[in-house]
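Encoded as structure tokens, the structure appears first; notes follow it.
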Amino acid sequence: MYGFTLIAVLAITGGAIAYIGDKLGTKVGKKKLSIFGLRPKHTSIIVTIITGILITGSTIGVLSLVSKDVRTALFGMEALAQKLSTLSQEVASKNVELDTSRVALESKNAEYAALTLKVKDTAERLRAISSELTAVMLERDRTALELEQAKGDLETSKQALTSLQETKNQLDLRVQSLNQSKDTLEKDVDRLNQLTTKLGEGIQVVREGSIIYRAGEILSTFTLPGGKSKEDTELALKEAIYTTNQGIIEKLGIENKNLGVLWIAQEDFDKIVATLVNHPEDVIVRISAGGNTVYGEPVVGHIGIFPNRLIYAQNENIYMSIIEGGSKAKHPEESVMAFLQKVNASAVEKGILPDPIQGTVGAINGADFYDAVNKVKRYSGKVTITATAKNDIYTAGPLKIELHIQEVSK
């Protein structure tokens, strides 16, 4: 209904302008009027051309005024093209991740098939040994019965008794050996079944692409005192590792709260302890994932230490820049975002520890961001944008800032 109304309005507007232009051209031709010193014929032609221009201009103007899609087609094609390019890059990245997951899935499937065959072979061996054990035990019992019967006539059956005794001893040794083999095989079967179960879970994880921690992802951050005794330092570091382990358990929703899911190499632990003992000041201890970790695998942790220094005092200027504001600012959001990236780079250079995955040292909420963008739009000409620290900021971060926008004096 909206489209028919728009067509009707355009038709009426174009018809009205065409009618007025025709009448005006006819009047100019009859009265032989002239503009710019031209002949009446040429003047009539110019009036007709101007009428066509007015029809086209009014059509485009009405379409732009009433239709957001037309405005987008006329003025927003460049932004749409950029967004399409970004989405194409994201699709390519996701395709690469999909190919990697497919390769991992094929490897897991091959390993799963090999383990299944090994479990089957071990189970068959266990059944064979169990059958042999049953037969040997029956023969041993029969021999023991014969031995008891032979004991009643010791003098006449002494030689047979000795032979039967030796046979019984050999059978006892064989039974003991078979029992040990049976226990070993049962343990192997249990171990292989557990490994098969974990591998099945790993295959499911690969299919779903569920990576719980990426390599270098921060698991926890602590501030520990330096210069303490070895015993106190070990206790403090163990408490930090325990707290990190509990955080991982909470994240994964594991019911067994005493399960050790975080693995730290003893060599790394001892090295960090020695460094803390010999360091006179407090330090920042970061525990991060040593590699990509999927569900069902232990989290191999890496411990890093950094000096704990005051980087910015409260209200201290962090970074300042001058950008275009008002009508001259074509893309104020991009200008403010570029400024924030420079603030991040400046803070990292000053000494704040960035996130290893994203490379950021902090974040600004959406309300503060768009408030700054709106201020940039309100001012005319160039504006000064300054980032200051909300509070005292140390090496560990995070960086919390306030943005101040001021018009540059003309």
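Just so we're clear, the structure is a prediction, and the values are computed from it rather than from any experiment.
The number of heavy-atom neighbours closer than 6.0 Å to NE2 of H302, taken from other residues, nucleotides and ligands shown, is 12 or below. Heavy atoms of other residues, nucleotides or ligands lying less than 6.0 angstrom from CD of E349 number 12 at most. F306 CZ: more than 12 foreign heavy atoms inside a 6.0 Å radius.
Each of H404, Q314, E316 was scored for a side chain to side chain donor-acceptor pair (under 3.5 Å) with T388, with one residue passing: H404. When each of E139, R140, E132, M137 is paired with R174, the side chain to side chain contact (heavy atoms under 4.5 Å, CB included) condition holds for E132 and for no other. For the side chain to side chain contact (heavy atoms under 4.5 Å, CB included) with V273, the qualifying choice from T275, D270, V277 is V277, the only one to do so.
In this structure, the side chain of D121 does not engage the main chain of L117 through any donor-acceptor pair within 3.5 Å. Counting only distance, with no hydrogens or angles, the side chain of S346 and the backbone of K342 share no donor-acceptor pair below 3.5 Å. The backbone N or O of G260 lies less than 3.5 Å from no partner atom in the side chain of N245, so there is not a single donor-acceptor pair. Looking only at distances, a side-chain donor or acceptor of N109 sits under 3.5 Å from a matching main-chain atom of L105. Using modelled atom types, one side-chain atom of T134 and one backbone atom of S130 make a donor-acceptor pair closer than 3.5 Å.
At least one side-chain heavy atom of I305 sits less than 4.5 Å from a side-chain heavy atom of I272. You'll find the side chain of V175 reaches within 4.5 Å of the side chain of N179, heavy atoms only. Looking at heavy atoms from C-beta onward, I248 lies in side-chain contact with Y213 at the 4.5 angstrom threshold. Side-chain contact between L403 and F339 is present, with heavy atoms from C-beta onward closer than 4.5 Å. Contact check for V261 versus P298: no side-chain heavy atoms found under the 4.5 Å cut-off. Side-chain contact between I401 and L340: present, with at least one pair of heavy atoms (C-beta onward) separated by less than 4.5 Å. Side-chain contact between L276 and K228: absent, with no pair of heavy atoms (C-beta onward) separated by less than 4.5 Å. I241 has its side chain within reach of I303: a pair of non-hydrogen atoms, C-beta onward, lies under 4.5 Å apart.
Nearest heavy atom pair, residue T244 against residue A240, reads OG1-O, 2.8 Å. Summarising the geometry of P307 relative to I284, their closest heavy-atom pair is O-CD1, 4.2 Å, with the distance given to 0.1 Å. Here the shortest heavy-atom pairing between E234 and F269 reads O-CZ, 3.9 Å. Here the shortest heavy-atom pairing between R214 and A289 reads O-CB, 3.5 Å.
Between atom CG of residue L399 and atom CD1 of residue I393 there is a gap of 4.5 Å, rounded to the nearest 0.5 Å. I318 contributes atom CD1, which lies 8.5 Å from atom NZ of K350 (distance to the nearest 0.5 angstrom). Rounded to the nearest 0.5 Å, atoms OG (S288) and CD1 (I218) are 5.0 Å apart. Atom OG1 of T143 is separated from atom NZ of K168 by 9.0 Å, given to the nearest 0.5 angstrom. I249 CD1 to K251 NZ: the interatomic distance, rounded to the nearest 0.5 Å, is 13.5 Å. Summarising the geometry, atom OH belonging to Y312 is positioned 13.0 Å from atom CG belonging to N391; distances are rounded to the nearest 0.5 Å.
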Stepwise side chain to side chain contact (heavy atoms under 4.5 Å, CB included) test for E231 and L235: CA-CA 6 Å; E231 292 75 13; L235 180 60; over 6 Å; no
task: Any chance you could lay out the side chain to side chain donor-acceptor pair (under 3.5 Å) test for Q176 and D172, step after step, and finish with the verdict?
output: CA-CA 6 Å; Q176 183 179 1; D172 286 338; over 6 Å; no
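The pair R142-E146 meets the salt-bridge criterion, with a side-chain N (NZ, NE, NH1 or NH2) lying under 4.0 Å from an Asp/Glu carboxylate O.
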